[in-house]
Amino acid sequence: MEYIDKFDESEIPFEALAKFGITQDMIDDLPQQVIMRLLTGQYTPVMSLRTSNDDGQVVETRARIKLVRETDGTVSLCFAPYWDSADLEDYSLEEQEKLMNGIVILREEDGRNYYAQLDTMTNQVMKVPVELIQHNVESFFYRGEIGGNTKENVLAGQLAEIRSTQNSDIVTVGIDLSEEDGIRIVNGDAVVWKEESYRNDLAEFNFGTSGCWLSDQNGHLSYVPEDQYTEEIEEELERTGEQNMARTKMSQLGR
């Protein structure tokens, strides 16, 4: 979809993150898939942040974070704040229904066409000019030598089910602005494609060296330092340790 910069862990602006209550220990404890998103210029899941206002009061908020490289080469932070509800007043009822179902819509604004999609993590509408996505879609279909009206349907914001000519396999292709190249390809039909839009790949408990990142049913992350573990977290840590020991023994027996 756009050029994706890559970052080294040493470039993470820990001093800037600390102003929002995110320490280096917390970053070090992030699940591996979240760290990989951060270091490839993608947004993290929604994270709990803490900062101070002008009166010195602590303000708690939630946002997704990504790293951005400035023109002088320095690295800064970009935030996508979480909204309690989506502001869809400028969209028709039909468009609102599609957006709430995770479907991309094609819109025109100020004489320019763009795709719009609701980021279900932050409840914000993402907008990307059509030209940035069109090239990637056309390239995908050219490589796959797929004909018919399939490409046109995808460019129109629809889902396209592609059936194998050799077996009963189905692959569904659609525009997804949360993906790096703006396209999401899923093994399965359109129902599977939509279901995977809301899948949370993170475990509920993600233990690190200094604490644990908790992931709720929406995939939002909050951090608990080791010295503040609840009884539930302690029990899960013990279970995780026992499972890891069992896996290690099984691995040794299989040698």
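Numbering of residues begins at 1 and proceeds along the displayed sequence.
- Within 6.0 Å of the CD atom in Glu94, the count of heavy atoms belonging to other residues, nucleotides or ligands does not exceed 12.
- In this structure, the separation between CD1 on Ile35 and CG on Asp29 is 9.5 Å, given to the nearest 0.5 Å.
- Nearest heavy atoms, Ile175 versus Tyr115: CD1-CZ, 3.5 Å.
- Glu231 CD: 12 or fewer foreign heavy atoms inside a 6.0 Å radius.
- Note that CD of Glu238 is 11.0 Å distant from CD of Gln243, once rounded to the nearest 0.5 Å.
- By the 4.5 Å side-chain criterion applied to Ile, Leu, Val, Met, Phe, Trp and Tyr, Ile233 is assigned to a cluster that also includes Phe205, Phe207, Leu214, Val224, Tyr229, Leu237.
- Counting non-hydrogen atoms of neighbouring residues, nucleotides and ligands closer than 6.0 angstrom, the CD atom of Glu11 exceeds 12 such neighbours.
- Put simply, the side chain of Glu70 reaches to within 4.5 Å of the side chain of Ser76, judged on heavy atoms.
- Residues Glu95 and Arg107 are in side-chain contact: their nearest non-hydrogen atoms beyond the backbone lie under 4.5 Å apart.
- At most 12 non-hydrogen atoms from other residues, nucleotides or ligands lie less than 6.0 angstrom from CD of Glu15.
- Judged by distance alone, the side chains of Thr74 and Asp72 do bring a donor and an acceptor atom under 3.5 Å apart.
- Checked for salt-bridge contact, Glu242 and Arg239 miss the test: no charged N lies under 4.0 Å from a carboxylate O.
- Although no hydrogens or angles enter the test, the distance criterion places a donor-acceptor pair under 3.5 Å between the side chain of Asp216 and the main chain of Gly219.
- Between Met36 atom CE and Thr44 atom OG1 the span is 14.5 Å, to the nearest 0.5 Å.
- Two residues are said to be in side-chain contact when any heavy atoms from C-beta on lie closer than 4.5 Å; Val75 and Val68 fail this criterion.
- Checked by atom type and distance alone, the side chain of Thr240 pairs as donor or acceptor with a backbone atom of Glu236 at under 3.5 Å.
- For the pair Gln124 (side chain) and Pro81 (backbone), a donor-acceptor distance under 3.5 Å is present.
- The OH atom of Tyr114 sits 7.0 Å away from atom CD1 of Ile105, with the distance rounded to the nearest 0.5 Å.
- Residues meeting the side chain to side chain contact (heavy atoms under 4.5 Å, CB included) test with Ile185, sequence neighbours left out: Phe140, Val171, Val173, Ile183.
- Looking at every heavy atom in both residues, Thr172 comes nearest to Ala190 through OG1-N, 3.4 Å.
- Under the 4.5 Å side-chain criterion, counting only non-hydrogen atoms from C-beta, Tyr82 is not in contact with Thr61.
- A donor-acceptor distance shorter than 3.5 angstrom exists from the side chain of Asp8 to the backbone of Ser10, with no hydrogens or angles considered.
- By the 4.0 Å N-to-carboxylate-O rule, Glu131 lies close enough to Arg112 to be salt-bridged with it.
- No donor-acceptor pair under 3.5 Å is formed between the side chain of Asp55 and the backbone N or O of Gln57.
- With sequence neighbours left out, Thr51 forms a side chain to side chain contact (heavy atoms under 4.5 Å, CB included) with Phe20, Val59.
- Side-chain atoms of Glu204 do not come within 3.5 Å of backbone N or O of Ser215 as any donor-acceptor pair.
- Expressed to the nearest 0.5 Å, how far CG of Leu155 lies from CG of Asn153 amounts to 9.0 Å.
- The CZ atom of Arg163 sits 3.5 Å away from atom CD1 of Ile170, with the distance rounded to the nearest 0.5 Å.
- Here the side chain of Asn123 pairs a donor or acceptor atom with the backbone of Trp83 at under 3.5 angstrom.
- Gln42 has its side chain out of reach of Arg64: every pair of non-hydrogen atoms, C-beta onward, lies at least 4.5 Å apart.
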